[in-house]
Amino acid sequence: MILAYQIAHYVFLVLDYFPYVLFVYILLSWFPGAYETTFGRFLAKICEPVLAPFRKIIPPIGGVLDLSPIIAFFAIRMATFGLQYLVYNYLLPLFF
């Protein structure tokens, strides 16, 4: 019972902090060669799988302006709120 609550807590903790990780990854584009560092490659492994589907839907405008991170931010937040609502109102009460 407590385990289900703890798992939900950690999943939502990751979902709450992921937009900040995505923001740092986007800021790396302002610094030349930042993506080639160990830190940049680590963030790319985490963020690129999330951004890739959004880039297929919304390609970069003029080949330069990439709006997919903005859409990803909103999608992650909406998914987090929806998941929290479902888990805390419907799933966790089944265990308690």
Side-chain angles (χ1 to χ4, degrees):
M1 289 181 254
I2 301 294
L3 180 64
Y5 180 77
Q6 289 175 338
I7 291 172
H9 174 73
Y10 288 122
V11 167
F12 293 130
L13 191 66
V14 169
L15 288 174
D16 283 340
Y17 284 108
F18 187 74
Y20 298 111
V21 173
L22 194 59
F23 183 72
V24 170
Y25 179 68
I26 293 164
L27 286 180
L28 287 180
S29 68
W30 292 1
F31 303 102
Y35 287 134
E36 286 77 32
T37 64
T38 305
F39 182 66
R41 286 192 298 269
F42 172 73
L43 287 181
K45 286 181 183 179
I46 295 172
C47 296
E48 280 301 322
V50 174
L51 292 175
F54 294 104
R55 286 189 178 131
K56 288 180 184 176
I57 297 170
I58 304 169
I61 298 172
V64 178
L65 183 60
D66 189 11
L67 298 177
S68 61
I70 296 170
I71 305 302
F73 279 124
F74 287 120
I76 290 168
R77 294 308 299 162
M78 287 191 303
T80 302
F81 290 142
L83 210 61
Q84 284 176 340
Y85 179 80
L86 291 174
V87 168
Y88 289 124
N89 290 324
Y90 295 107
L91 187 62
L92 286 180
L94 294 175
F95 293 106
F96 295 106

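- Side-chain atoms of D66 and I26, non-hydrogen and from C-beta on, never get closer than 4.5 Å to each other.
- Not counting sequence neighbours, the partners of F23 by the side-chain contact (heavy atoms from CB on, under 4.5 Å) test are L27, F73.
- Here the shortest heavy-atom pairing between L15 and R77 reads O-NH1, 4.2 Å.
- When all heavy atoms of P49 and A44 are compared, the closest pair comes out as CD-O, 3.8 Å.
- Remark: A34 pairs with L28, F31 by the side-chain contact (heavy atoms from CB on, under 4.5 Å) rule, at least two apart or across chains.
- Looking at residues two or more places apart in sequence or on another chain, you find a ring pair (Phe, Tyr, Trp, His ring centres under 6.0 Å) between Y25 and Y35.
- Linking ILVMFWY residues whenever their side-chain heavy atoms come closer than 4.5 Å, directly or via other members, leaves L86 and I76 in distinct clusters.
- The hydrophobic cluster containing F18 also contains F39, counting ILVMFWY residues as joined when their side-chain heavy atoms lie under 4.5 angstrom apart, directly or transitively.
- Put simply, the side chain of D16 reaches to within 4.5 Å of the side chain of T80, judged on heavy atoms.
- With values rounded to the nearest 0.5 angstrom, L83 atom CG is found 9.5 Å from L91 atom CG.
- Every side-chain contact (heavy atoms from CB on, under 4.5 Å) that Y20 has, sequence neighbours left out, goes to Y17.
- F74 is linked by a ring pair (Phe, Tyr, Trp, His ring centres under 6.0 Å) to nothing, counting only residues two or more places apart in sequence or in another chain.
- M78 and V50 fall into different hydrophobic clusters, where Ile, Leu, Val, Met, Phe, Trp and Tyr side chains are chained together by heavy-atom contacts under 4.5 Å.
- Judged as a side-chain hydrogen bond (donor to acceptor under 3.5 Å, both in side chains), not a single pair has a partner in residues 83-96 (not counting sequence neighbours).
- Hydrophobic clustering (ILVMFWY, side-chain heavy atoms < 4.5 Å, transitive): V87 and L3 are in one cluster.
- Note: the hydrophobic cluster containing L65 also contains I70 (ILVMFWY, side chain heavy atoms under 4.5 Å, direct or indirect links).
- Atom SG of C47 is separated from atom CG of L22 by 5.0 Å, given to the nearest 0.5 angstrom.
- Here the closest non-hydrogen pair linking L51 and A72 is CD2-CB, 3.9 Å.
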